[in-house]
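Just so it is clear, the values below take in all heavy atoms, side chains as well, and ignore hydrogens, waters and symmetry mates. Every chain is numbered from 1, with letters handed out A, B, ... down the list of sequences.
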Amino acid sequence: MVRKEEREAKLPPKSNFSEWYHELLKSAEIVDVRYPVKGMSVWYPFGFALRSHVYQIIKELLDVDHYETQFPLLIPETEFMKEAEHIKGFEDEVYWVTHGGRDPLDIKLALRPTSETAIYPMLRLWIRSHADLPLRIYQIVNTFRYETKHTRPLIRLREITSFKEAHTAHATWEEAAMQVEIAVQRYIEFYRRLAIPCLVSKRPSWDKFPGADYSIALDVIMPDGRTLQVGTAHLLGTNFAKTYEITYEDEHGEQRYVNQTCYGISERCIAALIAVHGDDKGLVLPWRVAPVQVVIVPIIFGEREPIIEVCRSIASTLAGRNIRVRLDDGDERPGAKFYKWEMRGVPVRIEIGPRDIKNNAVTIVRRDGVRKTLPMDERLVDAILAEAEELQSVLYNRAKEFMDSKIKLVSSLDEARSQVQSGVARVPWCGSVECGHALEDQVGANLLGEPRGDEIPPMRCLICGKESTGSTYMARQY
RNA sequence: GGGGUUGUAGGGUAGCCUGGUCCAUCCUACAGCGUUCGGGACGCUGUGACCUGAGUUCGAAUCUCAGCAACCCCA
């Protein structure tokens with residue numbers, strides 16, 4: 001009896017989020033954390049396939065008006081050290097290459113912690129006239145940061161393996177600001193396709209990107225109520241343009257500085273995907289990004305071949321419609337296969353046994369638990385695609401409901417302190433830097449920033465007591 | 001940044017103090033064969049390890065030093 005319970009408790013319950021997360025990364029074969037360098041882990045092939053499908057969405061969203069490109073990993077110290085504020089933000093986290101073979105380098109090379117200082121010297125050469133603007137490029141690369149805090153797979157890494165960073169240049173500050181807005185909308189859409197709702201807020205001035213005028217961030221509320229920053233968009237204005245002398249000649253023949261933006265998403269989006277949708281049985285993946293979208297499990301009684309034959313035929317029909325289908329004809333028992341593919345988040349399972357063949361039907365089970373019998377004929381593929389779509393909205397609605405339940409408008413410091421223990425507090429705030437710092441100190445959580453769009457009724461700032469319609473999200477952050 | 005604990009097969013443990021008796025052991029691991037198969041099957045036969053490096057020693061999983069890594073606590 002004990003043995004059976006142990007077997008079923010392979011994954012800790014999701015309510016124990018930290019252990020659940022780590023165990024799931026291994027059991028579902030996302031990343032292997034055993035690589036012997038702190039803060040660096042290995043993508044399993046299954047995890048990498050998931051990564052590829054997710055990043056394909058970002059690419060589609062950006063390729064409309066961005067060009068993909070690739071810049072070098074190494075940045076000469078002389079370029080890296082040009083922008084004072086930017087350096088201050090990153091210098092404690094930079095890995096340096098100091099030698100070539102046995103010879104010390106004359107000029108040290110930084111492993112990019114982000115690529116502004118690699119890209120902008122080149123933009124100076126690329127941009128000559130107003131006809132070159134706007135310029136929008138992005139790259140998906142690894143970046144390195146010598147994190148001193150506790151590292152966490154996919155969340156806080158020393159090598160970020162999948163940093164999608166976009167960089168744009170515009171004629172005016174207003175155009176650049178508009179681009180930031182467009183970027184935020186694209187990111188919201190990206191997460192919507194992953195069935196993940198986000199909080200969007202303007203980061204407080206002391207938490208903006210080093211060298212930016214302002215930063216907009218997207219946060220996801222994790223199962224334990226802490227938030228994960230999963231995307232940022234920064235308005236750089238002319239700060240970097242002045243440092244790197246990126247100018248264009250306008251219609252009147254005058255040289256002007258470009259106005260820039262940059263915005264990024266990392267593999268934290270995979271962490272969010274796992275954390276938001278996963279359950280006690282493992283991953284739950286939206287159809288669009290699932291490495292295996294349909295698994296077929298044959299139920300064999302007596303003769304094997306006739307059943308396998310039907311399975312093969314259905315598999316090839318599905319594959320013919322570009323569905324990522326896997327026929328699991330291994331010799332494990334069906335139950336073991338069910339658990340295995342549920343762990344990997346497969347959205348739709350098809351079971352085919354003698355009973356189904358006799359009824360000319362198949363049994364399907366959706367990853368959210370819905371079980372149906374579908375006719376085994378030419379309508380099958382469309383019926384499955386319809387289930388996939390329904391699963392998508394079930395996932396989004398479930399996630400949205402959870403997120404909303406974790407946010408609460410508070411009217412006292414005590415209430416804020418207690419709310420951030422398990423969720424996000426929306427806190428009345430006059431907007432001043434002093435009151436902001438005081439809030440962080442007294443509540444014991446960080447300011448995410450002003451929620452965009454909707455205002456609260458006038459309330460008193462919890463620190464200075466001034467009446468204001470301003471507010472901020474506060475949360476404990478990953 | 002400071003302190004502590006730990007590192008044994010795919011995973012979990014014992015052994016370490018007191019060096020040799022060690023072919024250690026369990027499993028949800030792996031391989032082969034057979035019987036099975038509508039929610040984690042069973043039998044049999046096998047496989048596989050002492051974190052890395054240096055030192056002490058006739059002899060090191062065990063002792064010493066260094067490195068790397070993990071976990072915990074404090075700032």
Side-chain angles (χ1 to χ4, degrees), chain A residues 1-13 16-42 44-47 91-93 95 145-159 279-284 294-312 314 327-346 348-374 376 440-441 444:
Chain A
M1 285 300 116
V2 174
R3 181 173 293 179
K4 191 175 180 204
E5 279 165 24
E6 274 172 15
R7 199 172 280 165
E8 285 169 359
K10 186 162 191 176
L11 199 60
N16 184 352
F17 175 65
S18 190
E19 276 185 41
W20 173 88
Y21 178 71
H22 280 267
E23 188 57 43
L24 181 53
L25 290 178
K26 183 168 56 165
S27 297
E29 297 190 350
I30 305 295
V31 290
D32 193 333
V33 300
R34 293 172 298 181
Y35 189 76
V37 178
K38 184 180 170 68
M40 301 187 187
S41 45
V42 179
Y44 283 108
F46 184 84
E91 66 183 346
D92 291 339
E93 304 188 346
Y95 281 95
R145 295 179 189 179
Y146 186 73
E147 292 286 351
T148 49
K149 286 188 199 152
H150 201 261
T151 58
R152 259 174 228 280
L154 302 184
I155 291 176
R156 186 176 298 282
L157 298 159
R158 287 190 172 176
E159 181 188 11
D279 63 19
D280 286 353
K281 288 179 173 175
L283 285 183
V284 177
V294 175
V295 64
I296 300 176
V297 178
I299 311 295
I300 295 161
F301 283 102
E303 243 199 302
R304 177 187 156 85
E305 247 342 278
I307 292 169
I308 294 289
E309 203 41 58
V310 174
C311 291
R312 279 207 195 102
I314 289 178
L327 169 58
D328 188 350
D329 57 359
D331 56 11
E332 284 167 305
R333 292 164 66 108
K337 292 177 184 174
F338 298 164
Y339 281 101
K340 181 173 81 187
W341 293 109
E342 278 164 354
M343 182 66 77
R344 285 167 176 68
V346 177
V348 175
R349 174 175 82 233
I350 300 179
E351 302 170 19
I352 299 172
R355 197 166 68 207
D356 300 293
I357 290 174
K358 199 177 78 193
N359 299 336
N360 199 39
V362 298
T363 304
I364 70 140
V365 179
R366 239 163 52 187
R367 184 57 180 82
D368 61 341
V370 173
R371 173 183 284 268
K372 290 185 182 172
T373 303
L374 299 179
M376 191 171 5
E440 292 194 329
D441 270 2

For atom CZ of A:Arg34 and atom P of B:rA9, their distance in whole Å: 11 Å
Donor-acceptor pair (no angle test) under 3.5 Å: A:Glu342 side chain, B:rG39 base: yes
Under-4.0 Å salt bridge between A:Arg312 and A:Glu305: yes
B:rC73 versus B:rC27 - spacing of their C1' atoms, nearest Å: 33 Å
Nearest-angstrom distance from the residue atom CD of A:Glu351 to C1' of B:rC37: 12 Å
Gap in Å between the two C1' atoms, one belonging to B:rG15 and one to B:rG20, rounded: 14 Å
Backbone N/O of A:Asp279 and side chain of A:Trp20: donor-acceptor pair under 3.5 Å: yes
Check ion pair A:Glu351-A:Arg371 (N to O, under 4.0 angstrom): yes
Nearest-Å distance for atom pair CD/C1', residues A:Glu23 and B:rU28: 10 Å
Atom C1', compared across B:rG11 and B:rC50: separation rounded to whole Å: 16 Å
Pair of N/O donor and acceptor under 3.5 Å linking B:rG1 base with A:Thr148 side chain: no
Distance in angstrom units between A:Lys337 NZ and B:rC37 C1', rounded: 8 Å
Nearest-Å distance for atom pair CZ/P, residues A:Phe338 and B:rA41: 11 Å
Nearest-Å distance once atom P is located in both B:rG4 and B:rG67: 14 Å
Along RNA chain B (nearest heavy atom to each residue), the more 5'-positioned of A:Lys340 and A:Pro298: A:Pro298
Chi angles and distances behind the side chain to side chain contact (heavy atoms under 4.5 Å, CB included) call for A:Lys340, A:Asp328: CA-CA 10 Å; A:Lys340 181 173 81 187; A:Asp328 188 350; 3.2 Å; yes
For atom CD1 of A:Ile357 and atom C1' of B:rG38, their distance in whole Å: 13 Å
A:Asn360, CG: over 12 other non-hydrogen atoms inside 6.0 angstrom: yes
Distance below 4.0 Å between A:Arg333 side-chain N/O and B:rG38 OP1 or OP2: yes
B:rC65 versus B:rU28 - spacing of their C1' atoms, nearest Å: 40 Å
Rounded distance in Å - NZ (A:Lys149) to P (B:rG1): 13 Å
Crowding at CZ, A:Phe17 (>12 non-hydrogen neighbours, <6.0 Å): yes
Separation between the P atoms of B:rC42 and B:rC37, rounded to whole Å: 14 Å
A:Val346 backbone acceptor or donor facing A:Arg367 side chain under 3.5 Å: no
Given RNA chain B, 5'-ward residue of the pair A:Arg304 and A:Lys26, judged by closest heavy atom: A:Lys26
Stems involving RNA chain B, each a run of at least 3 consecutive Watson-Crick or G-U pairs under 3.5 Å: B:1-7 with B:68-74, B:10-13 with B:24-27, B:29-35 with B:41-47, B:51-55 with B:63-67
Annotated protein contacts, base or backbone, on nucleotides 67-73 of chain B with a non-hydrogen cut-off under 4.0 Å, one of B, S, - each: -SSSSS-
Length of the CD1-C1' vector between A:Ile300 and B:rU36, whole Å: 10 Å
A:Tyr339 ring over B:rG40 six-membered base ring, under 5.5 Å and 30°: yes
Base of B:rG38 paired with side chain of A:Arg371 (donor-acceptor, under 3.5 Å): no
With A:Pro298, the side chain to side chain contact (heavy atoms under 4.5 Å, CB included) member among A:Asp356, A:Ile352, A:Leu327: A:Leu327
